[in-house]
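Encoded as structure tokens, the structure appears first; notes follow it.
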Amino acid sequence: MRFFFPDSQDQIDPGFNFDTEEREPLRVRQRDDLYAHEVFDPPPFDGLLVSKSIVDGYSDGTSGKYSSSQRHRLYREHARRFFRLDHAHGLLEIMGDCGAFSYWKDLEPPYDVEDVIDFYDGCEFDYGISVDHVIFNKNPLGAQVHESDDELKRWQERQEITLTLANDFWKATKDGQVRFTPMGVAQGWHPASYAESVAHLQKIGYRRIAIGGMVPYKTNDIIGCLQAVNEVRQPETQFHLLGISRCEKIPTFARLGVTSLDSTSAFQQSYKDARNNYHTPDGAYTALRVKQVDGNVKLRKQIMAGEIDQKLALKLERAALNLLRKYDAGEATLEEAWDALQKYSRLSDTTDRGTAYRRTLADRPWRNCPCPLCRELGIDIVIFRGTERNKRRGFHNLYVFRQRLRAQLGEDRS
């Protein structure tokens, strides 16, 4: 089972000063920053998934996550050099897709087959996924129901668009003139419709098929769908799950023909989840929120409105950071650190996380983690504060996910 991490230009600044919270004045983003595969040895994933929508934006002028100079350098240097992959054991591969979730509101995809072939081939990706149009079904995936005939018609139209573009994509790439391996996409709204898509894609010639549109569904619904598509799967056909991890079900996925998957879930939980921010092999902990007074929009508005004294907020912020670090160094008690954290939290956070904070402080999970980020940062790895700490915690979560994935498959965790 291979794990691909979707790229969104997420790197960390190795020169960031956590005491002064300042960067090197001559630092150039991306060029001087580090990707997760440059932080860990071995890398915490088997490859990267790069979306055209992230790199190029849309034809209507909407920009992606890449600056103009980064985009041009990616095309000029090609992906392997741009992402600095060659030193990472030489094993990391790159998969490209269109980023269908980015244009789900459009009636038709903003890209044509020639657009995406130029993108995949121009960047020298290893795999290229055909243009697709995601289907959103608000019902359980196992239920063959829909709200109206018009809704069903829209789903069928999106499926037809996806299959037609997959056929055109196959015809344009089957002559062997492209560098990448083409992959088709199966979209559907219940198991039978997904199975129909897979059968159609196999008839076209695809033996590597991505299953899309499943992110909103529950795990059991996903398994039910995979069971249906596995019944029509030819022995040599391999499935890729787009946007799905569900680590505890990896062995089941593997039995049903899944050989690869991609997800940002572990990374994004470091700063988007309400509680499960710092992952361990056995569970997760809540990060300690000490957001910057100047960077907290809600708190800044309260200060400007005269509801909170700015000097008091800054004093409590500094006290929380100081006592958390002293606690980690053995120079302050748990109660002192927890009390300072709670006093600042009451200013900026309406949610009471006191019990969760006490558990994080008492267990000190970062001390049991062998990853280089936890060894280097100590308690800062669990402090919810700014992109440099949050992304490092996200990288740590990727490291843990990789260990859990290997454990599920019975592989060596080293």
Quiz item: What residues, two or more places apart in sequence or in another chain, satisfy side chain to side chain contact (heavy atoms under 4.5 Å, CB included) together with K291?
Solution: N296, F384
Quiz item: For R393, which residues count as a salt bridge (charged side-chain N to carboxylate O under 4.0 Å, His left out) partner, sequence neighbours excluded?
Solution: none
Exercise. Please say whether the positively charged group of R402, taken as NZ for Lys or CZ for Arg, lies over the ring of F5, i.e. under 6.0 angstrom from the six-membered ring centre and within 45 degrees of the axis.
Key: no
Self-check item: Under the ring-ring contact (aromatic ring centres under 6.0 Å, His included) test, residues paired with Y127 that sit two or more places apart
Solution: none
Quiz item: According to the interplanar angle, ranging from 0 to 90°, do the rings of Y399 and F40 count as parallel (below 30°), tilted (30 to 60°) or perpendicular (above 60°)?
Solution: parallel
Quiz item: Which residues satisfy the salt bridge (charged side-chain N to carboxylate O under 4.0 Å, His left out) test with R358, sequence neighbours excluded?
Solution: E335
Quiz prompt | Flag for T252-R255: side-chain donor and acceptor within less than 3.5 Å | solution = yes
Exercise. Could you pull out the closest heavy-atom pair between D262 and P6, with the gap in Å?
Key: OD1-CG, 3.6 Å
Quiz item: Rounded to the nearest 0.5 Å, what separation is found between the CD1 atom of I204 and the CG atom of D168?
Solution: 9.0 Å
Exercise. Under the side chain to side chain donor-acceptor pair (under 3.5 Å) rule, collect the residues that match up with S51, sequence neighbours excluded.
Key: D97
Quiz prompt | Any donor-acceptor N/O pair, H133 side chain to L107 backbone, under 3.5 Å | solution = yes
Exercise. Can you measure from CE (M214) to CG (L242) and round to the nearest 0.5 angstrom?
Key: 10.0 Å
Self-check item: All side chain to side chain contact (heavy atoms under 4.5 Å, CB included) counterparts of S102, not counting sequence neighbours
Solution: S53, Y58
Quiz item: Rounded to the nearest 0.5 Å, how far apart are CG of L92 and CZ of R2?
Solution: 11.0 Å
Quiz prompt | I129 versus V185, closest heavy-atom pair with distance | solution = CG2-CG2, 3.0 Å
Self-check item: Flag for S260-Q238: side-chain donor and acceptor within less than 3.5 Å
Solution: no
Exercise. Only counting residues at least two apart or in another chain, list the ones meeting salt bridge (charged side-chain N to carboxylate O under 4.0 Å, His left out) with R208.
Key: none
Quiz item: If you take all heavy atoms of D132 and P109, which pair is closest and at what distance?
Solution: O-CG, 3.9 Å
Quiz item: Aromatic rings Y35 and H37: how do their planes relate, parallel, tilted or perpendicular, breaks at 30° and 60°?
Solution: parallel
Quiz item: Which residues satisfy the side chain to side chain contact (heavy atoms under 4.5 Å, CB included) test with R275, sequence neighbours excluded?
Solution: D273, T286, T351, R353, A356
Quiz item: Between A319 and A340, which heavy-atom pair has the shortest distance, and what is it?
Solution: O-CB, 4.1 Å
Quiz prompt | Qualifying residues under salt bridge (charged side-chain N to carboxylate O under 4.0 Å, His left out), relative to E196, sequence neighbours excluded | solution = none
Quiz item: Would you say the side chains of Q159 and S193 form a donor-acceptor pair under 3.5 Å?
Solution: no
Quiz prompt | Shortest non-hydrogen separation from R158 to D106 and the atoms involved | solution = NH2-O, 3.0 Å
Exercise. First locate atom CZ of F395, then atom CD of Q11, and finally report the distance between them rounded to the nearest 0.5 Å.
Key: 7.0 Å
Quiz item: Under the 3.5 angstrom rule, does the side chain of Y327 hit a backbone N or O of L361 as a donor-acceptor pair?
Solution: yes
Quiz item: Can you list the residues that meet the ring-ring contact (aromatic ring centres under 6.0 Å, His included) rule with F3, with sequence neighbours excluded?
Solution: F401
Self-check item: Non-neighbouring partners of R346 that pass side chain to side chain contact (heavy atoms under 4.5 Å, CB included), sequence neighbours left out
Solution: Q342, K343
Quiz item: At what distance, to the nearest 0.5 angstrom, does CZ of R404 lie from CG of N397?
Solution: 10.0 Å
Quiz item: Can you check salt bridge (charged side-chain N to carboxylate O under 4.0 Å, His left out) on D10 and K391, steps first, answer last?
Solution: CA-CA 7 Å; D10 292 309; K391 285 189 175 183; 3.2 Å; yes
Quiz prompt | For F101, all residues meeting ring-ring contact (aromatic ring centres under 6.0 Å, His included), sequence neighbours excluded | solution = F136
Self-check item: Candidate list N277, T280, D363, T360, test side-chain hydrogen bond (donor to acceptor under 3.5 Å, both in side chains), partner Y285, passing option
Solution: D363
Quiz item: Which heavy-atom pair separates R84 from D33 by the least distance, and what is that distance?
Solution: NH2-O, 2.7 Å
Exercise. Check the side chains of Y111 and D118 for a donor-acceptor pair under 3.5 angstrom, ignoring hydrogens and angles.
Key: no
Practice problem: Begin with the C-alpha distance, continue with both residues' side-chain angles, and end with the deciding distance and a verdict on side-chain contact (heavy atoms from CB on, under 4.5 Å) for V50 and F119. | Solution: CA-CA 10 Å; V50 182; F119 174 59; 4.1 Å; yes
Quiz item: Which class fits the ring pair Y66 and F82: parallel under 30°, tilted 30 to 60°, perpendicular over 60°?
Solution: parallel
